[in-house]
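Report on the structure given below.
This structure is a prediction, so every number in the text was calculated from the model and none was measured. The analysis underlying the following values was restricted to heavy atoms, covering all of them including side chains, and did not include hydrogens, waters or symmetry mates.
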Amino acid sequence: MATEGTLVILGMLLVWMWWTAIRRKDTRGIAGSVLTGLGTVVAYAVSEAVKLVVDEERPCRALRAGVESVAECPGVGDWSFPSNHATGAVTLVGGVG
């Protein structure tokens, strides 16, 4: 839940930077924010493609019987590596920073 919120906050920061660049007529800032957004979408797509090749099982499904998970485990086919949340966050932070 917190990871989704963090990504939303980072996305809002990117939109704010884009809007500020438009108001200031800063073409470099506009291009940077647009390219960061596009790069994030591309990185997410690559992350999804890599998941199809790697098939890394989530730890909550790989645990032995009798071991309980703290959170509900996503369904089969929702692989753990690479992390989409981490990919998106790192891409946004790299572009914004």
Side-chain angles (χ1 to χ4, degrees):
M1 196 78 135
T3 54
E4 286 89 0
T6 303
L7 290 176
V8 168
I9 290 170
L10 289 171
M12 289 171 45
L13 175 63
L14 182 61
V15 170
W16 175 75
M17 290 176 62
W18 170 76
W19 181 248
T20 301
I22 286 178
R23 287 193 351 221
R24 293 183 181 170
K25 296 181 171 107
D26 176 13
T27 55
R28 184 175 172 175
I30 294 168
S33 58
V34 169
L35 290 174
T36 298
L38 290 174
T40 301
V41 170
V42 169
Y44 182 87
V46 169
S47 171
E48 281 295 314
V50 170
K51 280 185 177 205
L52 295 174
V53 174
V54 174
D55 291 348
E56 180 67 28
E57 195 69 62
R58 290 195 173 269
C60 57
R61 282 197 301 271
L63 294 173
R64 300 183 311 267
V67 177
E68 290 188 38
S69 178
V70 175
E72 185 178 331
C73 192
V76 175
D78 186 2
W79 310 112
S80 69
F81 179 83
S83 167
N84 291 337
H85 293 97
T87 300
V90 168
T91 305
L92 279 171
V93 169
V96 171

- Any link between Leu35 and Val46 through a network of hydrophobic side chains (Ile, Leu, Val, Met, Phe, Trp, Tyr) touching at under 4.5 Å? no
- Should Val42 and Val50 be regarded as members of a common hydrophobic cluster, given that ILVMFWY residues are connected when their side-chain heavy atoms come within less than 4.5 Å of each other, either directly or indirectly? yes
Could you pull out all donor-acceptor pairs under 3.5 Å where a side-chain atom in residues 22-32 meets a protein atom, sequence neighbours excluded?
residue: Asp26; atom: OD1; partner: Arg28; partner atom: N; Å: 3.3
residue: Asp26; atom: OD1; partner: Gly29; partner atom: N; Å: 3.2
residue: Asp26; atom: OD2; partner: Gly29; partner atom: N; Å: 3.4

- Item | Distance in Å, Leu13 CG paired with Thr36 OG1, rounded so as to fall on 0.5 Å steps | 10.0 Å
